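Below you'll find the structure, written out as structure tokens, and then a few comments.
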Number of protein chains: 2
Amino acid sequence: MPLSASRLVPLWGYDDPRGRLTSLEEGREVPFTVRRVYLLHDVPEEALRGGHAHKALHQVVLAAAGSFTLRLDDGIQHESFTLATPRLGLYIGPGLWRTLESFSPGTVALVLASAAYDEGDYIRDYADFQRFVGVPVTSDGPPAAPPVAP
Amino acid sequence: MPLSASRLVPLWGYDDPRGRLTSLEEGREVPFTVRRVYLLHDVPEEALRGGHAHKALHQVVLAAAGSFTLRLDDGIQHESFTLATPRLGLYIGPGLWRTLESFSPGTVALVLASAAYDEGDYIRDYADFQRFVGVPVTSDGPPAAPPVAP
């Protein structure tokens, strides 16, 4: 199963002497209606965030400030992305295990999501995730992250 | 006419040793469906942004990083807000002239908007704005900002 449910999305922007504007619109850069927006901020450099997959949620993630590394895993293979500019979004569809790490000081990760927070949409155990996506359950996948809040 | 079409919105958040999460959801902190999200970043400290009103657009604005001052004007009176934390949003309804200034270095202003960009929704001349909101046209209002991009 390829990592087909993710893709980098170059974002529209406008620069002038008053600074820079970067924009995401439904139906253009965002292939869903945005029902929730959240920010990760004040993240320690050594922190590991994510550690789960979603059953149905669609997201677009970007670095509003600073930089971080986002790793996606489809149950068999994985791919890492370094997000370091507001001008690049990463679309993440359902069924991908994600971890976020290596947050530089001052980083703000911005996430646009297709639904309100719903604990029932989370898969927080890696073996459950492999079963969900229909691949053989292995013992060497990423350990489940400790229980986390929305 | 009071500045009734704006209000500060405390935002939901969750903090743990892995950092801070701040969230906005439709129907809770955001009283509209989000169709566009944009960021202002790399804004020089001396820059003046905004300088317009909207006919129909609803927005929620916050400081994702850093701080800035947002001034709202209803055609008669004005009020200034300093936004300096991701945990506080400012809802702005239609018919308010806004200016943004005093961006601290590294500031990222995040704006959630109820519609895609539409130049026809902008009022970029202050006298036109006063006519739009039905107050006497004065000559001492803020000068119209130079033409700006979306």
Side-chain angles (χ1 to χ4, degrees), chain A residues 11-30 33-51 60 62-66 85-87 89 100-101 103 105-113 115-117 145-150, chain B residues 11-30 33-51 60 62-66 85-87 89 100-101 103 105-113 115-117 145-150:
Chain A
L11 301 180
W12 186 88
Y14 178 83
D15 302 336
D16 72 13
R18 301 168 308 131
R20 314 183 72 193
L21 184 154
T22 299
S23 171
L24 303 89
E25 287 188 3
E26 178 182 338
R28 284 172 42 128
E29 297 84 2
V30 185
T33 299
V34 176
R35 304 295 183 185
R36 182 183 190 221
V37 174
Y38 66 91
L39 300 166
L40 302 177
H41 51 104
D42 299 297
V43 179
E45 239 172 310
E46 69 282 7
L48 183 68
R49 299 206 65 119
V60 171
L62 61 87
T85 165
R87 287 281 161 87
L100 293 78
E101 61 192 325
F103 285 75
T107 289
V108 178
L110 172 65
V111 184
L112 315 186
Y117 173 74
V148 291
Chain B
L11 301 181
W12 185 89
Y14 178 83
D15 301 339
D16 71 15
R18 300 169 308 131
R20 314 183 74 193
L21 185 152
T22 299
S23 172
L24 304 91
E25 287 189 4
E26 177 181 338
R28 285 171 43 129
E29 297 84 1
V30 184
T33 299
V34 176
R35 304 294 185 187
R36 183 183 188 220
V37 174
Y38 66 90
L39 301 165
L40 303 177
H41 51 103
D42 299 296
V43 179
E45 241 173 307
E46 70 281 7
L48 183 68
R49 299 206 64 119
V60 171
L62 60 87
T85 166
R87 287 281 161 87
L100 293 79
E101 61 193 322
F103 285 74
T107 289
V108 178
L110 172 65
V111 184
L112 315 187
Y117 173 75
V148 290

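Since this is a predicted model, take the numbers as computed values, not measurements. Letters go in sequence order (proteins before strands), and every chain restarts at 1.
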If you count heavy-atom pairs within less than 4.5 Å of chain B, which of A:Gly13, A:Ser23, A:Ala47 leads? A:Ser23

Turns out that what part of B:Leu11 lies under 4.5 Å from chain A's heavy atoms comes down to neither

Note: vs chain B, highest number of non-hydrogen pairs under 4.5 angstrom among A:Thr33, A:Leu39, A:Leu110 is A:Leu39

Do A:Val60 and A:Val111 come within less than 4.5 Å of each other through their side chains, counting heavy atoms only? no

Could you tell me whether the side chain of B:Trp12 reaches within less than 4.5 Å of the side chain of B:Leu24, counting heavy atoms only? no

Is the side chain of B:Arg35 donor-acceptor paired with the backbone N or O of B:Ala113 at a distance under 3.5 Å, no angle test? no

Assert top hit (heavy-atom pairs under 4.5 Å, partner chain B, pool A:Gly66, A:Pro86, A:Ala65) equals A:Pro86

Bottom line for B:Val108: the part with an atom under 4.5 Å from chain A's heavy atoms is side chain

Basic-acidic side-chain contact under 4.0 Å: B:Asp15, B:Arg87: yes

What residue, out of B:Glu26, B:Glu25, B:Arg20, has the most heavy-atom pairs lying under 4.5 Å from chain A? B:Arg20

To the nearest 0.5 Å, what is the distance between CD (A:Glu29) and CZ (B:Arg36)? 9.0 Å

Max heavy-atom pairs within cutoff under 4.5 Å with chain A, candidates B:Val37, B:Leu112, B:Val43, B:Thr107, goes to B:Val37

Write down the atom of A:Pro17, the atom of B:Pro44, and the distance for their closest heavy-atom approach. O-CG, 3.2 Å

